[in-house]
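The model shown is predicted, which means the values in this text are computed figures rather than measured ones.
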Amino acid sequence: MIRVLLLFAALLTAGCIGAPDIVMVDRATALEQQAGGSFNDLERKLSRTSIEARPVPLTPKQFEALGIKPLPLQNTTELTDADRVDALLMQHCIGEGHDGLLVETHAACVGVADRAEARDLIGRVNQARRQLWRWMHEQRRSASVDELRRTWREVHVRSVVCGGWIEREPGKWESKTC
């Protein structure tokens, strides 16, 4: 038996039998990291973006589908009351009333409009129209204010912007066709 053990020990030292060279690596090699790329920056950006509140970008066509007209490129502070009236008439937020005065028609409004700003605008324009009718009556006493107002409205409706909201008969609103 000792002989068998000696023989076995001699064979082991001869190098015929040996443990294989195995190296365990828990990380990718440098070449694998280069080939796979590093997404640390992208992952950080995505995590920040997903938790930050921000507006959703929409295209002009998407705004139109929602009924929102694009604002003109000019500064809105340079718009006159007439420009603002035309814009709100086209949006149907205000209308040319049958009596010649502007009327708030917010229920029919298409798109976004500041209701308080529209009311202020209606007040200013209607006051100017009443002053005009009084001045016209002073110039022509033979005609009544109501006659002058009706005549003025007939002429004025022709110059209303295309698509503007007009009351043709009391309670019947429609867009002006051109």
Side-chain angles (χ1 to χ4, degrees), residues 39-178:
F39 299 104
N40 293 335
D41 292 338
L42 182 61
E43 287 173 0
R44 276 194 297 276
K45 183 178 177 183
L46 286 173
S47 66
R48 278 193 312 267
T49 304
S50 65
I51 59 172
E52 289 178 8
R54 66 190 184 289
V56 177
L58 297 175
T59 65
K61 286 188 180 187
Q62 289 171 321
F63 277 116
E64 282 185 32
L66 293 171
I68 301 171
K69 304 265 184 195
L71 292 174
L73 295 178
Q74 63 190 15
N75 188 350
T76 56
T77 58
E78 296 175 3
L79 295 176
T80 65
D81 280 351
D83 295 329
R84 290 184 180 94
V85 166
D86 286 348
L88 291 172
L89 282 170
M90 289 189 309
Q91 280 185 267
H92 303 177
C93 299
I94 64 173
E96 287 285 348
H98 189 68
D99 60 355
L101 297 173
L102 291 177
V103 179
E104 181 182 358
T105 57
H106 198 75
C109 190
V110 178
V112 178
D114 186 349
R115 199 170 190 172
E117 189 176 309
R119 284 186 191 138
D120 292 344
L121 179 64
I122 289 170
R124 284 193 309 272
V125 172
N126 284 345
Q127 180 182 6
R129 288 181 180 185
R130 287 185 187 103
Q131 288 174 347
L132 174 66
W133 298 333
R134 280 195 300 269
W135 177 83
M136 289 169 64
H137 180 65
E138 289 172 5
Q139 300 304 310
R140 191 170 176 200
R141 293 271 182 201
S142 61
S144 71
V145 174
D146 288 336
E147 266 183 285
L148 290 169
R149 183 175 39 86
R150 270 192 305 275
T151 306
W152 177 87
R153 185 185 185 275
E154 288 173 12
V155 174
H156 174 71
V157 166
R158 293 183 214 144
S159 66
V160 170
V161 66
C162 296
W165 205 227
I166 297 176
E167 187 178 26
R168 292 291 179 190
E169 296 174 22
K172 294 187 180 179
W173 293 90
E174 64 182 44
S175 290
K176 179 184 176 192
T177 56
C178 294

Report task. Return the set of residues passing ring-ring contact (aromatic ring centres under 6.0 Å, His included) with Trp135 (not counting sequence neighbours), or none when no residue passes. Result -> none

**Report entry** Qualifying side chain to side chain donor-acceptor pair (under 3.5 Å) pairs with a residue from residues 110-119, counting only residues at least two apart or across chains
**Finding:** Glu104-Arg115, Glu104-Arg119

Query raised in the report: Hey, does Leu66 have a side-chain heavy atom less than 4.5 Å from the side chain of Leu58?
Result: yes

Query - Residue list, salt bridge (charged side-chain N to carboxylate O under 4.0 Å, His left out) with Arg124, at least two apart or on another chain - result: Asp81

Query raised in the report: Between CZ of Arg150 and OG of Ser144, what distance do you get to the nearest 0.5 Å?
Result: 6.0 Å

**Report entry** Arg84 CZ to Ile94 CD1 distance, which is reported to the nearest 0.5 Å
**Finding:** 11.5 Å

Query - Pair listing, salt bridge (Lys or Arg N to Asp or Glu O under 4.0 Å) test, anchored in residues 88-103, at least two apart - result: Glu96-Arg129

**Report entry** Residues forming a side chain to side chain donor-acceptor pair (under 3.5 Å) with Thr177, sequence neighbours excluded
**Finding:** none

Report summary line: Those residues at least two apart in sequence (or on a different chain) that pass salt bridge (charged side-chain N to carboxylate O under 4.0 Å, His left out) with Lys172 are Glu169

Query raised in the report: Is there any disulfide (SG to SG under 2.5 Å) pair reaching into residues 127-178, and which pairs are they, with sequence neighbours excluded?
Result: Cys162-Cys178

Query raised in the report: Which pairs with one or both residues in residues 86-110 pass ring-ring contact (aromatic ring centres under 6.0 Å, His included), sequence neighbours excluded?
Result: His92-Trp165

Query raised in the report: Applying disulfide (SG to SG under 2.5 Å), which residue pairs with at least one partner in residues 98-159 are found, sequence neighbours left out?
Result: Cys93-Cys109

Query raised in the report: What ring-ring contact (aromatic ring centres under 6.0 Å, His included) pairs are there with at least one residue in residues 140-159, not counting sequence neighbours?
Result: Trp133-Trp152, Trp152-His156

Requested in this report: Sorted by first residue and then second, give each salt bridge (Lys or Arg N to Asp or Glu O under 4.0 Å) pair with at least one member in residues 131-146; sequence neighbours left out.
Outcome: Asp146-Arg149

Query raised in the report: Given the rule in the side chain to side chain contact (heavy atoms under 4.5 Å, CB included) test, do Val145 and Met136 qualify, once you have shown the distances and angles that lead to the verdict?
Result: CA-CA 8 Å; Val145 174; Met136 289 169 64; over 6 Å; no

Report summary line: In short, Asp86 meets Val161 closest at the heavy-atom pair O-CG1, 3.8 Å

Query raised in the report: Going by heavy atoms in the side chains, are Trp173 and Thr105 under 4.5 Å from each other?
Result: yes

Query - Set of residues satisfying side chain to side chain donor-acceptor pair (under 3.5 Å) with respect to Arg158, sequence neighbours excluded - result: none

Query raised in the report: So Val125 and Val85, side chain to side chain contact (heavy atoms under 4.5 Å, CB included) or not? Walk me through it.
Result: CA-CA 9 Å; Val125 172; Val85 166; 3.8 Å; yes

Requested in this report: Find out whether Met90 and Val110 are in side-chain contact, i.e. whether some heavy atom of one side chain is under 4.5 Å from a heavy atom of the other.
Outcome: no

Report summary line: Shortest non-hydrogen pair, Gln91 vs Ala113, comes out as NE2-CB, 4.3 Å

**Report entry** Value rounded to 0.5 Å, distance of CD in Gln62 from OG1 in Thr59
**Finding:** 3.5 Å

Query raised in the report: How long is the span from the CG atom in Leu89 to the CG atom in Leu102, to the nearest 0.5 Å?
Result: 6.5 Å

Query raised in the report: With no hydrogens and no angle check, is any side-chain donor or acceptor of Asp83 less than 3.5 Å from a backbone partner on Thr80?
Result: yes

